[in-house]
Amino acid sequence: MNVRWIVVTLLVLGAAVTGLLLWQKRPAAVQAKVAEERSGYVLHDFELIALDENGKESFAVHAPHLQETPGARTLELKEPLFLLPSTDVPGEHWELRARSGWVSDDQEEVRLRGEVVGTSPEGGTRQLTMNTGRLNVYPRQRRASSDDVVTLVQPGSTMTGRGMEALLSENRVTLQSEVKGRYVPSR
């Protein structure tokens, strides 16, 4: 009888010690996972100006919400307005709006998604408005591209096509395929 009692007591003590050790390790794993999923920072109703390697404005952005992507150094934005300095008209900017945006960790690429509208600088050689669902922008190169349907509106004409390459510094846009145009003479 005493041997059974000793064995049962040792098993109960072993189970209690094992349970206690597992319980103590659990919070550390949970805390590490929460810290891994949490953004380094979140900004509300902000304005940010990104500079290039020479200290000149690469782009500016206004948005109601910005969050660093957990586990990465990229940025996620809601309803951003990006301003890219014009090389054509000093002091003016290309305006790019969307439902959401993403900025790479090196600020080399900006991805705009959902109801993207791009407007050329006022006072430029030619007024142009771009409408698309997705647009990738490369601010330092002053270049943009899309593989989605793009509509280009200029005074007197509207063109639609699938896929686009734009050299924003030259105000030059090329539609890739399925291009349709409509000319409306000014009165």
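Counting only distance, with no hydrogens or angles, the side chain of T132 and the backbone of V149 share a donor-acceptor pair below 3.5 Å.
Counting only heavy atoms from C-beta outward, the side chains of H65 and L77 never approach each other to under 4.5 Å. Q127 places none of its side-chain heavy atoms less than 4.5 Å from the side chain of T129. L75 has its side chain out of reach of Q67: every pair of non-hydrogen atoms, C-beta onward, lies at least 4.5 Å apart. With a 4.5 Å cut-off on side-chain heavy atoms, E76 and E68 do not count as touching. Looking only at side-chain heavy atoms (C-beta outward), P64 and E79 come within less than 4.5 Å of each other. R99 is not listed as a side-chain neighbour of K78, based on a closest heavy-atom distance of 4.5 Å or more. Looking only at side-chain heavy atoms (C-beta outward), L168 and L84 come within less than 4.5 Å of each other.
One finds no salt bridge joining E165 and R172 here, because no Lys/Arg side-chain nitrogen approaches an Asp/Glu carboxylate oxygen to under 4.0 Å. Salt-bridge annotation for K180 and E178: absent, with no side-chain N of the basic residue lying under 4.0 Å from a carboxylate O of the acidic one.
For the side-chain contact (heavy atoms from CB on, under 4.5 Å) test, residues two or more places apart in sequence or in another chain that qualify with R97 are L81, E95. Among residues two or more places apart in sequence or in another chain, the side-chain contact (heavy atoms from CB on, under 4.5 Å) test is passed with A98 by L112, V116. For H62, there are no ring pair (Phe, Tyr, Trp, His ring centres under 6.0 Å) partners two or more places apart in sequence or in a different chain. With sequence neighbours excluded, the residues forming a side-chain contact (heavy atoms from CB on, under 4.5 Å) with D106 are S104, E108, listed by chain and number. Not counting sequence neighbours, the partners of E57 by the side-chain contact (heavy atoms from CB on, under 4.5 Å) test are I49, A60, P85, H93.
A continuous path of ILVMFWY side-chain contacts below 4.5 Å connects L135 to M159, so both sit in one hydrophobic cluster. Hydrophobic clustering, with ILVMFWY side chains joined whenever heavy atoms are under 4.5 angstrom apart, keeps L51 apart from F46. Residues W94 and L167 do not share a hydrophobic cluster, defined by chaining ILVMFWY side chains whose heavy atoms lie under 4.5 Å apart. With hydrophobic clusters built from ILVMFWY side chains whose heavy atoms lie under 4.5 angstrom apart, V137 does not share a cluster with V117. Residues L43 and V110 share a hydrophobic cluster, clusters being chains of Ile/Leu/Val/Met/Phe/Trp/Tyr side chains in contact below 4.5 Å.
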**Report entry** side-chain contact (heavy atoms from CB on, under 4.5 Å) evaluation trace for W102 with R113
**Finding:** CA-CA 9 Å; W102 175 89; R113 301 296 185 255; over 6 Å; no

Requested in this report: Show your reasoning for whether side-chain contact (heavy atoms from CB on, under 4.5 Å) applies to L96 and F59.
Outcome: CA-CA 11 Å; L96 302 166; F59 65 87; over 6 Å; no

Just distance, no hydrogens or angles: give the donor-acceptor pairs under 3.5 Å from side chains in residues 150-158, sequence neighbours left out.
none

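The minimum heavy-atom distance between Q176 and M164, with the atom names listed, is CG-N, 3.6 Å. Taking every heavy atom of both residues into account, V173 and A166 meet most closely at CG2-CB, 4.0 Å.
Put simply, CZ on R140 and CG on N54 are 9.5 Å apart, with the number rounded to the nearest 0.5 Å. Rounding to the nearest 0.5 Å places OG of S146 at 10.0 Å from CG of L175. Distance check, rounded to the nearest 0.5 Å: CZ of R134 to OG of S100 gives 11.5 Å.
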